[in-house]
Amino acid sequence: MAKEELSLEQLAKEIYKGAGGMNNVESVTHCMTRVRMSVRDRDEVNEAQLKAIPGVLGVVDDEQLQVIIGPGKVNKVAKEMASQAGVSLGEEIKATTGKDALNQKAAEMKAAQKAKQKQSPFKALLKDISNIFVPMIPAFVGAGLVAGIASVLANMVTAGRLDAATWQQYIDVMNILKNGMFSFLVIYTGVNAAQVFGATPTLGGVIGGVVTLTGMNPEAPITNLFNGQPLAPQQGGILGVIFAVWLLSKVEKKLHDIVPEAIDIIVTPTISLLVIGLAEIFLIMPLAGFVSNGLVGGINWILNVGGAFSGFVLGASFLPMVMFGLHQILTPIHIQMIEATGSTQLLPILAMAGAGQVGAALALWIRLRKDKELTEMIKGALPVGILGIGEPLIYGVTLPLGKPFITACIGGGVGGAVIGALGNVGATAIGPSGAALIPLIANGHWLGYVLGLLAGYAGGFVATYFFGIPKEKLAAEKMAEEPTTAVSPVQTTPVSEVAATTEFFAVANGEVKPVSESTDAVFSQKMMGEGYFVVPKEGTIYAPVTGTISSVFPTKHAVGITTDNGLEVLLHMGVNTVELEGKPFDLKVAEGQKVTPDTIVADVDLAAIKAAGKGTDMLVLVTNMDKVKNEVLEKIGATEAKTPVMKVEV
């Protein structure tokens, strides 16, 4: 008889069971046909059980436990197993203890706090950009410092202040190290973007590498569909790569759904690369090139206007141009200026864009000093930014936050306006910006350039300090600065007037039981705190205490309530009901709402919970027991809703 087919979720769970449970599995990877697991105890593995699973073609117990699934499907099963364990493929699966379970419950409540803020598409994009670039920060900082030192030395050699025969080889070595990061940044971006968007990371790296146009015959280049001109490498820039990889994720997921599993591993990557690669070469890059060429006239007009206006516009707009790969058009302008006048007066103006980033980062450091993760990134990125390497500050700090990137650009405009107003500040060669450019400033006008840098720093600082700090970051900073003796961020009653004892009530008609009798070990062992639960007869659920709704879990099965005297109360409706995705729960309250024991929190479909094989217990727990002096469960057994059942003294 043929085995019935299991869903990916069911198949992954059954494999874990046969392997001795998730706690017995150290890690999960896969090859062409097999899920490969490292297990902790071989004696716990049940090969017969594994072989009997529908969809399993065989089992090999070698150095690794290998479950044969077949090509096409094996990668999906392995990913599902990793997802269920909450890790990435190949990452260690930590054995779950009671403490781990407690942490998991706590993580749910933290997620509820975050979920209350609906993200706009723009904020979601910034979050994705942060997730793409933050893992690169250590490489940015290390390679950036090397690049900054190399820039200073190279510019001093060019200016004739250092001997090339002595220093050039050192500079070359440092540039090789630097280029290991920055020359292949599009590839690293493609890999990380694929991980963020759910595409195959190596395919994302290939899509990133496409913009380098490696392999194109320079004697017969690919032409721009819009204007017939040869394509230039890097057109479209970093943001073009991110957009292309996002498209890749959509195409790849769609193909996984429609391509037969037996040929999925061959067909899906091939078609994905062809479709997205061709779109990148013949649409995304040409479009960026078309825009670049269209900007030439506008930039020339701005240069002809000159003065502070010209400096502000160019200084403020340079970084967005770089991110879209549009800065390519400026190189011929630099060269033409140097040939005609001996220096390019455009480069010092554009260098102010980095100064604005430095000023913005300083403002963020001061205003958000309690945000340890952010301040640590700023500490590492600031010296690099001062030396003219702006990527760590842009991609790790200002751009993911949104508003600071805009105010940093304004700071760059301020510095550019100062350079433009002073006039006659030029560079004798094309080189890195920031402080590293000082040796290349022509005709001894380096003081004017330094004044521009200081103005850029100040402009970015002031604009960001007053207008560029995201509201949610300010709110988090304010909470972090509140005295630890404060009862609660939602407290409205003066401490002196708050009662020392809080009365808890039955949340439904039914039977009250101590939490130690819960079927959920995390609750029964009081890992989450002391309390009780009600086995309800009806689905109308009331608030257990007087207080304020502090959090609502996205799947609606749990709410947090904070009392006036600082008790944090969890109302958890049902056991393991997070898996029901909110369907049985009709919530009647919202975050920030005041509630009393007369307030209906939710109408719950008890029949739907039971039909799903879940428990209907309505649990009430005090989760910050460190504030509790004493608690007494005064009533158990059959009880009406809104009846006092427990007292807690703080």
Side-chain angles (χ1 to χ4, degrees), residues 5-12 28-36 55 69-91 121 124-136 184-215 236-288:
E5 187 173 349
L6 301 179
S7 68
L8 287 176
E9 180 182 2
Q10 292 170 327
L11 182 54
V28 177
T29 57
H30 71 88
C31 59
M32 182 77 75
T33 60
R34 308 175 187 189
V35 173
R36 296 173 174 266
I69 304 295
K73 191 174 182 179
V74 64
N75 59 324
K76 299 176 185 178
V77 175
K79 286 181 180 178
E80 175 63 23
M81 292 180 68
S83 176
Q84 289 183 13
V87 299
S88 301
L89 283 173
E91 187 177 347
L125 172 63
L126 293 179
K127 181 64 176 176
D128 287 340
I129 289 175
S130 175
N131 291 336
I132 291 167
F133 288 105
V134 166
M136 294 191 239
F184 305 107
L185 179 57
V186 287
I187 297 176
Y188 304 140
T189 300
V191 170
N192 284 5
Q195 292 175 325
V196 169
F197 297 134
T200 301
T202 48
L203 292 181
V206 173
I207 292 301
V210 164
V211 301
T212 64
L213 297 180
T214 302
I238 292 294
L239 294 187
V241 170
I242 293 174
F243 176 66
V245 174
W246 177 77
L247 290 178
L248 170 71
S249 71
K250 300 299 181 184
V251 171
E252 194 177 1
K253 289 173 185 176
K254 187 67 176 178
L255 288 173
H256 280 314
D257 290 337
I258 63 177
V259 173
E261 291 176 351
I263 59 173
D264 179 71
I265 197 167
I266 299 172
V267 173
T268 296
T270 304
I271 294 180
S272 297
L273 284 180
L274 283 173
V275 171
I276 302 303
L278 291 174
E280 195 170 17
I281 293 171
F282 292 105
L283 288 176
I284 297 174
M285 293 182 69
L287 181 60

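The basis for the numbers below is simple: all heavy atoms, side chains too, and nothing from hydrogens, waters or symmetry mates.
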| task | Please confirm whether the backbone N or O of H256 pairs with a side-chain atom of K76, one donor and one acceptor, at under 3.5 Å? | result | yes
| request: Would you check if F133 and I238 make a side-chain contact, meaning some heavy-atom pair closer than 4.5 Å? | output: yes
| field | V35 to V74 - nearest heavy-atom pair and separation | value | N-CG2, 3.5 Å
| said: Just verifying a value: how many Å separate L248 CG and I242 CD1, rounded to the nearest 0.5 Å? | reply: 13.5 Å
| task | Fit a plane to each ring of Y188 and F184, take the angle between them on a 0 to 90° scale, and name the class: parallel (under 30°), tilted (30 to 60°) or perpendicular (over 60°). | result | perpendicular
| note | d(L8 CG, Q84 CD) to nearest 0.5 Å is 9.5 Å
| message | Between K79 and V28, is there a side-chain heavy-atom distance shorter than 4.5 Å? | response | no
| Are any side-chain N or O atoms of E9 and backbone N or O atoms of E80, one a donor and one an acceptor, separated by less than 3.5 Å? | no
| How many angstroms lie between CG in N75 and OG1 in T29, if you round to the nearest 0.5 Å? | 12.5 Å
| note | So CZ of F282 and CG of L287: to nearest 0.5 Å the spacing works out to 15.0 Å
| task | Enter the distance from Q195:CD to T200:OG1 here, rounded to the nearest 0.5 Å. | result | 10.5 Å
| said: Just by distance, no angles: are the side chains of E252 and T268 close enough, under 3.5 Å, to form a donor-acceptor pair? | reply: no
| query | Which heavy atom of P201 sits nearest a heavy atom of A194, and at what distance? | reply | CA-CB, 3.6 Å
| query | Looking at OG1 of T202 and CD1 of I207, how far apart are the two atoms once the value is rounded to the nearest 0.5 Å? | reply | 11.0 Å
| Does a side-chain heavy-atom distance below 4.5 Å link L89 with M81? | no
| Other residues, nucleotides, ligands: >12 heavy atoms within 6.0 Å of K254 NZ | no
| said: Side chains of T214 and T212: any donor to acceptor distance under 3.5 Å? | reply: yes
| said: Assess, by modelled atom type and distance only, whether the side chains of Q10 and S7 contain a donor and an acceptor separated by less than 3.5 Å. | reply: yes
| T189 and M136: side-chain contact (heavy atoms from CB on, under 4.5 Å), yes or no, with the steps? | CA-CA 9 Å; T189 300; M136 294 191 239; 3.8 Å; yes
| query | Does the side chain of D264 reach to within under 4.5 Å of the side chain of K73, using non-hydrogen atoms? | reply | no
